[in-house]
There are 2 protein chains.
Amino acid sequence: MIGNQIVSYSVRDQDAVFRALADVSRRELLDRLFAKNGQNLGELCEGLAMTRPAVAKHLKILEAANLVVVQWRGREKLHFINSVPINEITDRWIRKFEPPYLAAISDLKSQLEGDSHD
Amino acid sequence: MIGNQIVSYSVRDQDAVFRALADVSRRELLDRLFAKNGQNLGELCEGLAMTRPAVAKHLKILEAANLVVVQWRGREKLHFINSVPINEITDRWIRKFEPPYLAAISDLKSQLEGDSHD
DNA sequence: TTTATATGAAACCTTTTAGCTTCATGTCAA
DNA sequence: TTGACATGAAGCTAAAAGGTTTCATATAAA
């Protein structure tokens, strides 16, 4: 753990990440958090063609996949992006499907990040 | 187009890719094709706890997402990985969620590839 | 030409998913 | 302490997804 964020995921957990990313509404929520991190549920609902409980469910799934971490402030639940699972998956598929010189770049990237892989 | 492979995808098409990758059986099929490219349906079915029509359905979804391209040889349908959609998505999320020096690496990567982005 | 092989397609079933409505709980502020 | 606000939870419905069985079609080989 580094602060609140888990830094290494099992292959099993990666399934939750893939499935969480499969829904366009959830990707849109991540986009919104990228534009403005730390929003509460109410803010995240604004302008969406969905009810609040629906958004809450999506956020719960993102939380379960560790793509979003939360912090309570009084009665407000603030949502923050966690980029670690994304990077894990990105690494996996880069390594698998890119030509050698790109894999080398990926290795460099990992060294810069100080990751310990699998 | 470069040969048979489409090199640029719309945001709409990316949804098909995300959804295709959400299923563990389909990711396993991609893994198998990575280990040995150009397999036919029969080969891809071997040792899987699934019937042939099920595997065929999965491959159809991978095809629709352009993650797999096919080539007929007589009565055999050969399946090949297409890495382009993966790279598109990888790029998107790298750019969004990684710190600046990693985005810079991603830019370098793109230049090496000669991609024209969005 | 007949038989075996490789795949496609249709119909059906079950489970999961995405959404809703309604109600309950906890926290802040007057 | 009362009322407004922010969220959680339960129960329901409709649609999508993943799988099966059965049958049809096209190609290769005997």
Side-chain angles (χ1 to χ4, degrees), chain A residues 4 12-33 36-81 85, chain B residues 4 12-33 36-81 85:
Chain A
N4 275 333
R12 177 168 34 81
D13 291 331
Q14 291 198 356
D15 187 61
V17 180
F18 276 113
R19 292 223 308 267
L21 291 175
D23 186 275
V24 66
S25 298
R26 289 193 286 271
R27 293 198 303 276
E28 194 176 329
L29 285 171
L30 288 179
D31 285 345
R32 278 168 166 251
L33 285 178
K36 182 182 173 195
N37 213 5
Q39 297 182 68
N40 66 19
L41 176 57
E43 279 179 279
L44 286 170
C45 288
E46 286 169 19
L48 291 185
M50 239 187 309
T51 58
R52 185 185 51 71
V55 175
K57 271 195 188 176
H58 283 306
L59 288 171
K60 193 176 179 183
I61 290 169
L62 290 171
E63 265 189 76
N66 270 300
L67 286 163
V68 161
V69 282
V70 301
Q71 187 177 349
W72 282 90
R73 188 180 61 191
R75 63 188 169 187
E76 283 178 293
K77 189 182 193 179
L78 306 183
H79 299 78
F80 300 86
I81 288 186
Chain B
N4 274 334
R12 178 168 33 81
D13 292 331
Q14 291 197 357
D15 188 62
V17 181
F18 275 112
R19 291 223 309 267
L21 291 176
D23 186 274
V24 66
S25 297
R26 289 193 287 269
R27 294 198 302 277
E28 193 176 330
L29 286 170
L30 288 179
D31 285 345
R32 278 169 167 250
L33 285 178
K36 184 183 173 193
N37 213 4
Q39 296 182 68
N40 66 18
L41 177 57
E43 278 179 280
L44 286 170
C45 288
E46 286 168 19
L48 290 185
M50 238 187 314
T51 59
R52 185 185 51 72
V55 175
K57 273 194 187 178
H58 283 307
L59 289 170
K60 192 175 180 183
I61 290 169
L62 290 171
E63 264 188 76
N66 269 300
L67 287 162
V68 161
V69 282
V70 301
Q71 187 178 350
W72 282 91
R73 187 180 60 191
R75 64 188 167 184
E76 282 178 292
K77 190 181 193 179
L78 305 183
H79 300 77
F80 300 85
I81 288 184

Query raised in the report: Taking atom C1' of D:dG8 as reference, at what distance in whole Å does atom CD of A:E63 sit?
Result: 12 Å
Requested in this report: Sorted by first residue and then second, give each salt bridge (Lys or Arg N to Asp or Glu O under 4.0 Å) pair with at least one member in residues 62-72 of chain B; sequence neighbours left out.
Outcome: B:E63-B:K77
Query raised in the report: For the pair made of CD in A:Q71 and C1' in D:dA6, what is the distance, rounded to whole Å?
Result: 16 Å
Report task. Supply the atom-to-atom distance B:D31 CG to B:E28 CD, rounded to the nearest 0.5 angstrom. Result -> 7.0 Å
Query - Outermost nucleotides of DNA chain C that come under 4.0 Å of a non-hydrogen atom of chain A - result: C:dT17 to C:dC28
Query raised in the report: Can you check the A:W72 CH2 to D:dA6 P distance for me, whole Å?
Result: 12 Å
Query raised in the report: Can you tell me how far CG of A:L67 sits from CG of A:L33, rounded to the nearest 0.5 angstrom?
Result: 10.5 Å
Query raised in the report: Rounded to the Å, how far apart are A:N40 CG and D:dC5 P?
Result: 14 Å
For residues 40-51 of chain B, which side-chain N or O atoms pair as donor and acceptor with protein atoms under 3.5 Å away, sequence neighbours left out?
residue : atom : partner : partner atom : Å
B:N40   : OD1  : B:G42   : N            : 3.2
B:N40   : OD1  : B:E43   : N            : 2.8
B:N40   : ND2  : B:E76   : OE2          : 2.6
B:E43   : OE1  : B:N40   : N            : 3.3
B:E43   : OE2  : B:K36   : NZ           : 2.6

Query raised in the report: Can you name the side-chain hydrogen bond (donor to acceptor under 3.5 Å, both in side chains) partners of B:K57, sequence neighbours left out?
Result: none
Report summary line: A:K60 NZ to D:dA9 C1', in whole Å, measures 8 Å
Report task. Check for a donor-acceptor pair, side chain of B:R26 on one end and backbone N or O of B:L21 on the other, with a separation under 3.5 Å. Result -> no
Query raised in the report: Where is the tightest heavy-atom contact between B:A65 and B:A16, given as atom of each residue plus distance?
Result: CB-O, 3.6 Å
Query raised in the report: When every nucleotide of nucleotides 19-30 of chain D is labelled 5' to 3' by its protein contacts under 4.0 Å (heavy atoms), B for base, S for sugar-phosphate only, - for none, what sequence of letters results?
Result: BBB-----BS--
Report task. Sequence neighbours left out, what passes salt bridge (Lys or Arg N to Asp or Glu O under 4.0 Å) with A:R19? Give chain and number order. Result -> A:D15
